[in-house]
Amino acid sequence: MKKNVYFLALFLLLGLVATAQKVEFEEFDLDNGLHVILHQDNTAPVVTESVMYDVGGKDLGANNNPERTGFAHFFEHLLFEGTENIDRGEWSKIVSSNGGTRNANTSLDRTYYFEIFPSNNLELGLWMESERMLHPVIDQIGVDTQNEVVKEEKRSSYDNQPYGQFLFALSESLFKAHPYKHKNIGEMSHLDAATLDEFKAYFKKYYVPNNATLVIAGDIDTKKAKVLAKTYFSDIPKGQENIRNFSKETPITETIKTTFYDANIQVPAIITAYRTPSFKEKDAYVLDMISTYLSDGKTSKLYKKLVDDKKMALEAGAINIGQLDYSIYAIYGLPLGESTLEALLTEIDEEITKLQNELISENDYQKLQNKFESQFVNSNSSISGIASSLATYYLLYDDVNLINNEIDIYRSITREDIQEVAKKYLNPNQRVELKYLPKEKETN
């Protein structure tokens with residue numbers, strides 16, 4: 001009976017995926033190089049306007065000076081300061097008073113700005129984003145103001161957050177040549193030392209139409225939206241072409257052991273991390289599946305073994321941190337009671353060895369496929385999510401239609417692929433082993 005119910009559920013889910021609505025979109029380029037993507041969905045009177053810039057934490061300031069980190073994240077804040085036609089501090093007031101919301105975020109690979117408005121304010125949102133690109137006010141007052149904002153964010157989100165430094169600690173050891181070794185938020189001393197001219201030069205280099213993607217999604221008329229996009233963005237001058245030539249990393253061939261001390265924790269952690277391929281590669285999709293297999297939910301292998309059954313860990317899991325040039329695959333455990341970090345690591349490695357030497361069960365494989373089918377169905381459930389995906393797939397993956405067919409990549413993954421990828425990347429001699437420890441109290 002259970003088997004019949006299982007296959008009935010699988011049949012219904014596959015039917016739902018088969019009938020999931022395709023995301024229709026139209027794309028074109030302006031003469032200045034701005035790529036525009038339009039998605040019309042008139043089911044709700046809401047529109048999202050977003051711009052994704054091809055600039056992230058890996059792009060250092062002052063002509064890639066390693067003493068100028070954190071510029072892209074800094075501009076995430078700075079470009080809300082105001083423009084020649086939007087007074088300082090008025091950006092958020094304009095958005096909220098017109099029924100909208102706004103936000104931005106920065107990764108090591110890109111920066112994303114967006115507004116969500118009632119659809120009758122479509123033109124307002126486009127004007128504001130064109131203002132940000134065309135003539136923001138970049139002056140010492142804004143730089144000083146946002147410098148303090150970024151410092152407070154660093155204190156609250158990283159310096160004073162339990163386990164808030166773990167990714168920084170891993171990246172410093174995983175990357176020796178590529179700028180992924182730097183913190184996305186940057187070093188505060190670098191921002192303090194940067195001059196106003198350096199910030200202006202950074203803006204001129206990266207925040208230009210030929211380095212950006214504009215998405216207009218939601219309750220629009222595509223023809224009218226195209227006209228508005230041309231009206232507000234066509235006259236913005238094209239910038240220089242940015243050619244990146246980052247240094248390549250040499251393969252890790254023996255275990256790198258390191259330790260980091262965090263004053264905000266009481267329970268230590270063991271973290272292993274592997275340098276893995278770009279999120280564009282099929283192997284990265286396989287690693288997504290391995291993460292889900294190991295740590296998604298209470299029935300996952302690491303959680304069930306270490307937390308439920310053996311009661312050795314407060315928490316255990318795996319995460320695939322996707323990036324454009326190199327990704328990071330990390331596995332972690334927090335010991336419980338008398339368990340040691342070494343014992344946890346032994347148990348974790350045992351599960352990886354099983355993956356490398358045995359095919360996962362057909363039942364576990366089908367559960368994985370079901371989860372990814374379900375995630376695909378839910379991934380385009382909001383207009384703002386669709387807008388973000390369209391920009392991401394174009395700018396970082398070079399294939400906008402992944403918004404409709406990325407699931408086919410997961411469907412193509414076999415049990416043998418999972419085994420082979422585990423063998424290829426998840427070996428002790430290819431990793432960083434980080435002991436993340438409580439910082440001892442200073443004594444007088």
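With respect to Arg244 and Asp59, a salt bridge is recorded, a charged nitrogen being found less than 4.0 Å from a carboxylate O.
Applying the salt bridge (Lys or Arg N to Asp or Glu O under 4.0 Å) criterion to Lys224, with sequence neighbours excluded, gives no partner residue. Every residue meeting the side-chain contact (heavy atoms from CB on, under 4.5 Å) condition with Lys230, not counting sequence neighbours, appears here in chain and number order: Phe28, Leu30, Lys226, Ser234. Residues satisfying the side-chain hydrogen bond (donor to acceptor under 3.5 Å, both in side chains) test with Glu406, not counting sequence neighbours, are Tyr285, Tyr393. In terms of the side-chain hydrogen bond (donor to acceptor under 3.5 Å, both in side chains) criterion, Lys204 has no residue partners (sequence neighbours excluded). Annotation: ring pair (Phe, Tyr, Trp, His ring centres under 6.0 Å) contacts of Tyr261 (sequence neighbours excluded): none. Take Lys280 and apply the salt bridge (Lys or Arg N to Asp or Glu O under 4.0 Å) test, not counting sequence neighbours, and it matches Asp398. Checked against side-chain hydrogen bond (donor to acceptor under 3.5 Å, both in side chains), Tyr113 has no partners two or more places apart in sequence or in another chain. Listed by chain and number, the residues in a side-chain hydrogen bond (donor to acceptor under 3.5 Å, both in side chains) with Ser382 are Ser384 (sequence neighbours excluded). Listed by chain and residue number, Asp309 satisfy the salt bridge (Lys or Arg N to Asp or Glu O under 4.0 Å) test with Lys304 (two or more places apart in sequence, or in another chain). Taking the salt bridge (Lys or Arg N to Asp or Glu O under 4.0 Å) definition, one finds that Lys354 meets it with Glu351, sequence neighbours left out.
The aromatic rings of Phe279 and Tyr397 sit parallel to each other, their planes meeting at less than 30°, with 60° as the upper class boundary. Below 30°, between 30° and 60°, or above 60°: for Phe175 and Tyr326 the angle between ring planes is between 30° and 60°, a tilted geometry.
Taking the six-membered ring where the residue is Trp, the centroids of Tyr293 and Tyr365 are separated by 6.0 Å or more. Aromatic rings of Phe168 and Tyr158 (six-membered ring for Trp) have centroids within the 6.0 Å cut-off, being under it.
A donor-acceptor contact shorter than 3.5 Å is absent between the side chain of Glu129 and the backbone of Phe233. Side chain of Thr276 to backbone of Ser327: a donor-acceptor contact under 3.5 angstrom is found. The backbone N or O of Val55 sits less than 3.5 Å from a side-chain atom of Thr111, completing a donor-acceptor pair. Judged by distance alone, the side chain of Thr292 and the main-chain N or O of Asp288 form a donor-acceptor pair under 3.5 Å.
Pairs engaging residues 413-439 under the ring-ring contact (aromatic ring centres under 6.0 Å, His included) rule: Tyr163-Tyr436, Phe260-Tyr436 [sequence neighbours left out]. Applying the salt bridge (charged side-chain N to carboxylate O under 4.0 Å, His left out) test to every pair with at least one member in residues 248-258, sequence neighbours left out, gives these pairs: Glu249-Arg275.
Geometrically, Arg102 does not engage Phe117 in a cation-pi contact, judged by NZ or CZ lying under 6.0 Å from the ring centre and within 45° of the ring axis.
Residues Phe25 and Ile403 form a side-chain contact, since some pair of their non-hydrogen atoms from C-beta on lies under 4.5 Å apart.
Atom CD of Glu338 is surrounded by 12 or fewer heavy atoms from other residues, nucleotides or ligands within 6.0 Å.
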